[in-house]
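Lettering of chains follows the sequences in order, A, B, ..., and the numbering in each one begins at 1.
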Amino acid sequence: MPLHLTNMQVLDQTFYVRSTLTVARELLGKVFFRKYEGALLSGRIVEVEAYHEEGDEAAHSYNGRRPRNEVMFREGGRLYVYFTYGMHFCMNVVTEEEGVGAAVLIRGIEPLEGIDTMRELRGHPRREHDLTNGPAKICQAFGIARAENGLPLDGAVLGIANAPAIPATHVMTSSRIGISRSRVLPWRMYVEDSPWVSRARPAHP
DNA sequence: CAGTCGATGTACT
DNA sequence: GTACATCGACTGG
């Protein structure tokens with residue numbers, strides 16, 4: 001195991017089994033990592049969106065527990081991966097207690113380690129920020145697909161390491177991207193001026 | 001830079 | 001049928 005992993009403090013389940021909006025806010029600045037074919041891929045989280053079964057029509061969990069969204073209802077501290085638009089995967093961090101359908105979508109990551117591997121997995125994009133400035137790009141760069149749905153964030157294969165929090169003055173809030181339902185909810189959070197955020201200015205603040 | 005549009009599988013009305 | 005928590009190619013300025 002690489003030395004930097006042994007020195008990392010991997011966030012444990014108590015971090016995830018809390019209010020989804022709190023977890024979403026605190027995920028900004030933390031380091032997501034994934035072991036991929038002997039390589040370590042990692043990056044700093046800079047953009048997230050919260051989803052919750054209560055009062056949020058856009059959440060996959062809104063209409064109850066089903067095979068597709070089953071992982072969203074499990075105890076916090078694992079990955080919820082879904083397939084969308086016929087060709088893309090997106091990954092969420094599951095939050096709260098068993099039985100509550102809630103999760104945080106990871107939308108923007110600043111790559112730190114394993115960047116050459118990410119470039120290959122992404123097909124060598126011309127612009128550096130196209131590596132991971134979007135939820136489906138992140139899954140491609142980190143090699144995340146159906147097989148990773150439900151995996152625990154315990155550091156065995158993947159996890160999130162502690163890192164300094166982003167100061168409130170640099171955290172921006174907006175409505176979520178790419179959805180029409182529950183547009184009024186300001187449940188998207190991102191680091192101001194980060195080139196790794198999917199959209200610098202939301203269409204509907 | 002911004003805007004438009006096709007690709008392509010799955011869940012749901 | 002229709003919508004979809006998206007992306008990349010393409011256009012025009």
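Residues V104(A) and M189(A) form no side-chain contact, since every pair of their non-hydrogen atoms from C-beta on lies 4.5 Å or further apart.
Using a 4.0 Å heavy-atom distance criterion, R127(A) is classed as making no nucleic acid contact. As judged by a 4.0 angstrom heavy-atom cut-off over every strand, A136(A) is placed among residues touching the sugar-phosphate backbone only. Within the 4.0 angstrom heavy-atom criterion, only backbone atoms of the sugar-phosphate kind lie near F83(A); the bases stay farther away. Using a 4.0 Å heavy-atom distance criterion, N63(A) is classed as making no nucleic acid contact.
Rounded to whole angstrom, the span from the CE atom of M72(A) across to the P atom of dA5(C) amounts to 11 Å. When the P atom of dC4(C) is taken as reference, atom CZ of R183(A) falls 10 Å away, rounded to whole Å. For N69(A) and dC4(C), the CG to P distance is 16 Å, given to the nearest whole Å. If you measure from atom CZ of R176(A) to atom P of dC4(C), you get 12 Å, rounded to the nearest angstrom. For the pair W187(A) CH2 and dA5(C) C1', the computed distance is 14 Å after rounding to whole Å. In this entry the distance linking OH of Y85(A) with C1' of dC4(C) reads 4 Å, nearest Å. Rounded to whole Å, the distance from CE on M91(A) to C1' on dA5(C) is 14 Å. If you take OH of Y82(A) and P of dC4(C), they are 12 Å apart, rounded to a whole angstrom.
Just one residue in the list R74(A), R65(A), R78(A) forms a salt bridge (charged side-chain N to carboxylate O under 4.0 Å, His left out) with E98(A), and that residue is R65(A).
Bounding nucleotides for the chain A contact on DNA chain B, 5' to 3', at a heavy-atom distance below 4.0 Å, are dA7(B) to dC12(B).
Between R181(A) and E57(A), no side-chain nitrogen of the basic residue sits less than 4.0 Å from a carboxylate oxygen of the acidic one, so the salt-bridge criterion is not met. Taking the charged nitrogens against the carboxylate oxygens, K137(A) and D130(A) do have a contact shorter than 4.0 Å, which makes a salt bridge.
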Expected rows: protein N/O vs nucleotides 8-12 of chain C N/O, under 3.5 Å:
from	atom 1	to	atom 2	distance (Å)
dG8(C)	OP1	R122(A)	NH1	3.0
dG8(C)	OP1	R122(A)	NH2	2.9

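Taking the ring axis of Y51(A) as reference, the NZ or CZ atom of R176(A) stays within 45° of it and closer than 6.0 Å to the ring centre. With F32(A) as the aromatic partner, R34(A) does not meet the cation-pi criteria of under 6.0 angstrom to the ring centre and within 45 degrees of the ring axis. Judged by a 6.0 Å distance limit and a 45° cone about the ring axis, R146(A) is positioned over the six-membered ring of F83(A). Taking the ring axis of F15(A) as reference, the NZ or CZ atom of R18(A) stays within 45° of it and closer than 6.0 Å to the ring centre.
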* **From CA spacing to verdict: side chain to side chain contact (heavy atoms under 4.5 Å, CB included), N149(A), Y82(A)** => CA-CA 8 Å; N149(A) 186 35; Y82(A) 69 88; over 6 Å; no
* Are M72(A) and T95(A) close enough, and set up right, to give a side chain to side chain contact (heavy atoms under 4.5 Å, CB included), and what steps lead you there? -> CA-CA 8 Å; M72(A) 275 187 87; T95(A) 59; over 6 Å; no
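When both pairing distances are held under 3.5 Å, dA5(C) makes no Watson-Crick or G-U pair with any nucleotide shown.
For dA5(C), the OP1/OP2 oxygens have a side-chain nitrogen or oxygen of R181(A) closer than 4.0 Å. For the pair S180(A) and dA3(C), the criterion of a side-chain N or O lying under 4.0 Å from OP1 or OP2 is not met.
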